[in-house]
Asker: 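So that we are looking at the same thing, I have put the structure below in structure tokens.
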There are 2 protein chains.
Amino acid sequence: MSTITRPGGRTERTRTAVLGAAFTITAEVGYGGLSIEAIAERSGIHKTTIYRRWGSVDAILFDAIVSRAESAVLLPSTGDARADLNAMARSVAENLEDPMSRAVAAAALSGTGDGSLKELSDRFWDDRIGKAAEIVKAGQKEGQIDAKLDPSVVVVEIIGPIWFRVMVLQVLVDRSFIEALVDGAIR
Amino acid sequence: MSTITRPGGRTERTRTAVLGAAFTITAEVGYGGLSIEAIAERSGIHKTTIYRRWGSVDAILFDAIVSRAESAVLLPSTGDARADLNAMARSVAENLEDPMSRAVAAAALSGTGDGSLKELSDRFWDDRIGKAAEIVKAGQKEGQIDAKLDPSVVVVEIIGPIWFRVMVLQVLVDRSFIEALVDGAIR
DNA sequence: ATGCTAATGCAACTAAAGTTGTGTTAGGGT
DNA sequence: ACCCTAACACAACTTTAGTTGCATTAGCAT
């Protein structure tokens, strides 16, 4: 995956087909229903090819996520920390509705820690929490948020409950819940 | 499972052996590494028996959890809401370190919702959040907590970040983090 | 255009998961 | 003590997942 010697048309087409099929199937039956054979059938790509290029379902998920990494959540910074955090929280909730995000999360939780997936997960959250913490720091600089609070703890106080509600309790989050979270986190 | 016509010695012994093996294997390799064949080998119970009585790994997990349901978290009520919530939060964190809890959570997240597991998960959380909310309500009655706050939201504001840190970020929670959560949740 | 070979397709194989039919063991009632 | 049968063990089977050797296709360089 790291050294693509021939990134021409066909190689890219099979990649697109496989990742697309993985996405579709995940949306339909979830991580538990994902299998390489199913992806092969859906994508029209022979299973041998998939086994040789990726080797496992988790590796496909890894690739799929990395390929969509550029479309990450954009963190606003209007100067109003409370509004920015609310917008950030909403984008987190929306992103969690993405079946692929769910699948990757489930994969990370299911495995013994395949290693690469754990690493991906770590980097993803480091990045996202770090960026969100910048909003908190800006708010502290402006005096909108208590300077004694740990920025990353504030972020987890917002993201954690959203994650918990959507993924564990499996109920949708409404606007008022998010606002309550933000208010509680910044006191 | 519902109508046990002969709950005598042998039946109970195989049940204990199977659930015990399931627990041990889960602790070692996690949910992803669980298979009925492995459980059969470890427990010494023939795989045919397991397939006939349970039918799937998820059903075994279901049974294992139900059989330990009585050893649930005990919710303290000393009258000091803050202290009680802190104790509750710590027990949640400790419980999450239980590999079986992780496995059930992963199973619930992995599947399309096998139905029975989703139901188990729902009942489990309804019960736990409901009991924890009682602590909050008591605190509100005593004037220790703002009466305008939604008790179940307060509970999720405490449990959610703990869950998120342990399960997603996969880092341990320390005492100060828990205290910060409780303080934030009850303002 | 032509040749080289990475990438894919195909079929046959091994391994593991899951199922079914039949005989055996041991609760629990009489 | 005896019998009945639920629960279990065993073996053979079917199905699905994963692997390997070889033929074919199609990027890409010359």
Side-chain angles (χ1 to χ4, degrees), chain A residues 1-22 25-26 28-64 67 103 107 110-112 114 116-117, chain B residues 1-22 25-26 28-64 67 103 107 110-112 114 116-117:
Chain A
M1 185 171 15
S2 48
T3 51
I4 302 164
T5 32
R6 199 176 272 184
R10 188 168 62 161
T11 300
E12 184 54 34
R13 275 199 305 277
T14 67
R15 193 179 118 101
T16 304
V18 167
L19 298 189
I25 295 173
T26 301
E28 285 174 8
V29 297
Y31 174 69
L34 257 186
S35 74
I36 289 190
E37 307 247 350
I39 295 174
E41 192 179 1
R42 183 73 66 99
S43 64
I45 305 299
H46 209 271
K47 70 168 181 173
T48 315
T49 301
I50 300 179
Y51 273 112
R52 275 203 265 258
R53 273 188 64 175
W54 287 277
S56 74
V57 168
D58 285 1
I60 296 176
L61 289 180
F62 182 102
D63 200 2
S67 74
S110 298
T112 39
D114 158 86
S116 59
L117 249 175
Chain B
M1 181 173 20
S2 47
T3 53
I4 301 165
T5 32
R6 199 175 273 184
R10 188 168 60 159
T11 300
E12 184 52 34
R13 277 200 303 279
T14 65
R15 195 179 117 99
T16 305
V18 167
L19 297 190
I25 296 173
T26 302
E28 287 174 8
V29 298
Y31 174 70
L34 258 185
S35 75
I36 289 190
E37 308 248 347
I39 294 174
E41 192 180 1
R42 182 72 67 99
S43 64
I45 305 299
H46 208 272
K47 71 169 183 173
T48 316
T49 301
I50 300 179
Y51 273 113
R52 274 204 261 260
R53 272 189 66 175
W54 286 276
S56 73
V57 169
D58 285 0
I60 296 175
L61 288 179
F62 182 102
D63 199 3
S67 74
S110 299
T112 37
D114 158 86
S116 58
L117 250 175

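In the text below, chain A, chain B and the rest are named by the order of the sequence lines, each starting its count at 1.
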Asker: Evaluate A:Arg42 against A:Glu37 for salt bridge (Lys or Arg N to Asp or Glu O under 4.0 Å), listing each step before the verdict.
Answerer: CA-CA 9 Å; A:Arg42 183 73 66 99; A:Glu37 307 247 350; over 6 Å; no
Asker: With the criterion being N/O to N/O and under 3.5 Å, what pairs connect the protein with nucleotides 22-25 of chain C, and how long is each?
Answerer:
from: C:dT25; atom 1: O2; to: B:Arg10; atom 2: NH2; distance (Å): 3.0

Asker: Atom CZ of A:Arg53 to atom P of C:dA7: distance rounded to whole Å?
Answerer: 8 Å
Asker: With the side chain counted from C-beta on, respond yes when B:Arg53 and B:Arg15 share a heavy-atom pair under 4.5 Å apart, and no when they do not.
Answerer: yes
Asker: In Å and rounded to the nearest 0.5 Å, what is the CG to OG distance from B:Leu19 to B:Ser43?
Answerer: 9.5 Å
Asker: Would you say A:Val18 and A:Thr49 make side-chain contact, with heavy atoms under 4.5 Å?
Answerer: no
Asker: Measure the spacing between CD of B:Glu41 and CD1 of B:Ile36 and express it to the nearest 0.5 Å.
Answerer: 14.0 Å
Asker: If you round to the nearest 0.5 Å, how far is OH of B:Tyr31 from CG of B:Asp58?
Answerer: 4.0 Å
Asker: Could you tell me whether the side chain of A:Thr48 has a donor or acceptor atom within less than 3.5 Å of a complementary atom in the base of C:dC10?
Answerer: yes
Asker: Counting side-chain heavy atoms from C-beta on, which of C:dA7, D:dG18, C:dG9 comes nearest to A:His46?
Answerer: C:dG9
Asker: With a 4.5 Å limit on heavy-atom distance, are the side chains of B:His46 and B:Tyr51 in contact?
Answerer: no
Asker: From C-beta outward on B:Ile45, which listed nucleotide comes closest to its side chain: D:dT19, C:dT19, D:dA9?
Answerer: D:dA9
Asker: Would you kindly give the CH2-to-C1' distance between B:Trp54 and C:dT19, to the nearest whole Å?
Answerer: 18 Å
Asker: Is B:Leu34 close to B:Leu61 at the side-chain level, that is, under 4.5 Å between some pair of heavy atoms?
Answerer: yes
Asker: What is the distance, rounded to the nearest whole Å, between atom CZ of A:Arg13 and atom C1' of D:dG27?
Answerer: 10 Å
Asker: Considering only side-chain heavy atoms of B:Thr14, which listed nucleotide, D:dC8, D:dG18, C:dA7, is closest?
Answerer: D:dC8
Asker: Which value, rounded to the nearest 0.5 Å, describes the distance between A:Thr26 atom OG1 and A:Ile39 atom CD1?
Answerer: 6.5 Å
Asker: Specify the angle, to 10°, made by the local axes at the two ends of the helix from C:dA1-D:dT30 to C:dT30-D:dA1 when five pairs are taken at each end.
Answerer: 40°
Asker: Could you give the NZ-to-P distance, from A:Lys47 to C:dC13, as a whole number of Å?
Answerer: 14 Å
Asker: Using heavy atoms and a sub-4.0 Å distance, could you list which residues of residues 35-42 of chain A are near DNA chain C? By number, please.
Answerer: none
Asker: Just how far, in rounded Å, is C1' of D:dC28 from CD of A:Glu12?
Answerer: 16 Å
